[in-house]
There are 2 protein chains.
Amino acid sequence: MRAWLAYRRMRLLLSAEINRDLARDSGLSEADYDVLSNLTTAPTTAGAADRRRLSELAAHMQWSKSRLSHHITRMEQRGLVRREEVDGDARGSFVVLTAQGRRTIERAAPHHVHSVRRHLIDRLSPEQIRVLGEIGDVVLGPLEGEGEGIPEN
Amino acid sequence: MRAWLAYRRMRLLLSAEINRDLARDSGLSEADYDVLSNLTTAPTTAGAADRRRLSELAAHMQWSKSRLSHHITRMEQRGLVRREEVDGDARGSFVVLTAQGRRTIERAAPHHVHSVRRHLIDRLSPEQIRVLGEIGDVVLGPLEGEGEGIPEN
DNA sequence: GCGCTGTGGTTGACATGTCACCGATCATCG
DNA sequence: CGATGATCGGTGACATGTCAACCACAGCGC
């Protein structure tokens, strides 16, 4: 249980620190950063980059569709992304990175990486980093498979 | 960065799982559980147990006073805790565990412990558990000292 | 073509958390 | 005593997330 408590406390303080940095440096929340980041990293399959189906993005991020929809609405109002219709399917919509969104994430990334390094990575030994990755994988294995994850909405 | 991503994903899914269990088994949120748990574990210094100053509790949990105040208000309405005046200090107030609160946490604890074991601990080797604890401690060291933590409100 | 079921996405009500600010009380010092 | 500044909590407005219900269209079988 000591490990559990340490983990819990770390989770709380670490994300507070990193979010604070992120907000200060770039005016983004962790959620904003994730969305933008997942848009630039979009699968380069089709020629269409910087865009993703809302559903597909939600599934990839393990967010509920509702959460993503609300969040996209807010980011849209700030000009970071925009919605766009899908050709073959009149129900669906794309989430598309705007020019401003691209600038924002490109400027934010180096700071964020640095922040993560500073608060987490640099404090750990290579061994600890390795094990942390392992732990993540081990714990995730069972969870990702089953219908677990997001109670779809 | 692989470790960071794994950590992030684990954080998301693991807390989703565990909170789901907790809500199903006991009708509590993680926050509720923490508050109750920190009340039963209250420092046995004075004879007065199951009670804690709001400020002191907030500091101990690394929550802002505002957050705790709001949350206590909600828990008070559900009969889990109650506020009580402090003798020497007309500003302050105690948060006190009610009988119902005590029953609730006592029933919830075994399930919760089991849930944490099932989703996390049992999946890790003793070595991994040890390192996880270490990581928590190493990362927390620097953060806890400085005025960091909670931007007091 | 037409109805049925499933999917993609949105919406509104509500729970939770943050932030900034207030109001009261306390402690201290001249 | 009385002013001053810190401390204890609470409050209201707002950001974010969840949940349940919903609409519009798609896909399929007949």
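By convention in this document, chain letters (A, B, ...) are assigned in the order of the sequence lines, proteins followed by strands, and residues within each chain are numbered from 1.
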For [Y], is there an ion pair with [X] - N to carboxylate O distance below 4.0 angstrom?
X	Y	result
A/Arg103	A/Glu106	no
A/Glu76	A/Arg78	no
A/Arg8	B/Glu30	yes

Rounded to whole angstroms, how far apart are [atom1] on [X] and [atom2] on [N]?
X	N	atom1	atom2	result
A/Arg20	C/dC19	CZ	P	10 Å
A/Arg52	C/dG9	CZ	P	13 Å
A/Ile72	D/dT16	CD1	P	12 Å
A/Leu54	C/dT7	CG	P	16 Å
A/Leu68	D/dG17	CG	C1'	12 Å
A/Arg83	C/dG9	CZ	C1'	8 Å
B/Leu57	D/dG10	CG	C1'	16 Å
B/Gln77	C/dT16	CD	C1'	14 Å

- Note on the structure: Between A/Asp32 and A/Gly88, whichever has its closest DNA chain D nucleotide further toward 5' is A/Asp32
- A/Arg74, nearest nucleotide to its side chain (from D/dG17, C/dT16, D/dG9): D/dG17
- Note on the structure: Regarding the side chain of B/Ser55, the nearest nucleotide among D/dT16, D/dC8, D/dT11 is D/dC8
- Does the base of C/dG9 carry an N or O that pairs as donor and acceptor with the side chain of A/His70 under 3.5 Å? no
- Query: Hey, is the main chain of A/Gln100 close enough, under 3.5 Å, to the side chain of A/Thr104 for a donor-acceptor pair?
  - Reply: yes
- Query: How does protein reach along nucleotides 20-25 of chain C, written 5' to 3' as B (base within reach of a heavy atom under 4.0 Å), S (only sugar-phosphate), or - (no contact)?
  - Reply: B---BB
- Query: Aromatic rings B/His112 and B/Tyr33: how do their planes relate, parallel, tilted or perpendicular, breaks at 30° and 60°?
  - Reply: tilted
- Query: Between B/His71 and B/Trp63, what is the ring plane arrangement, given parallel below 30°, perpendicular above 60°, and tilted in between?
  - Reply: perpendicular
- Side chains of B/Ser37 and B/Thr41: closer than 4.5 Å at any heavy-atom pair? yes
- Query: Want to settle it: does B/Ser29 or A/Arg53 sit nearer the 5' end of DNA chain C, counting the closest nucleotide to each?
  - Reply: A/Arg53
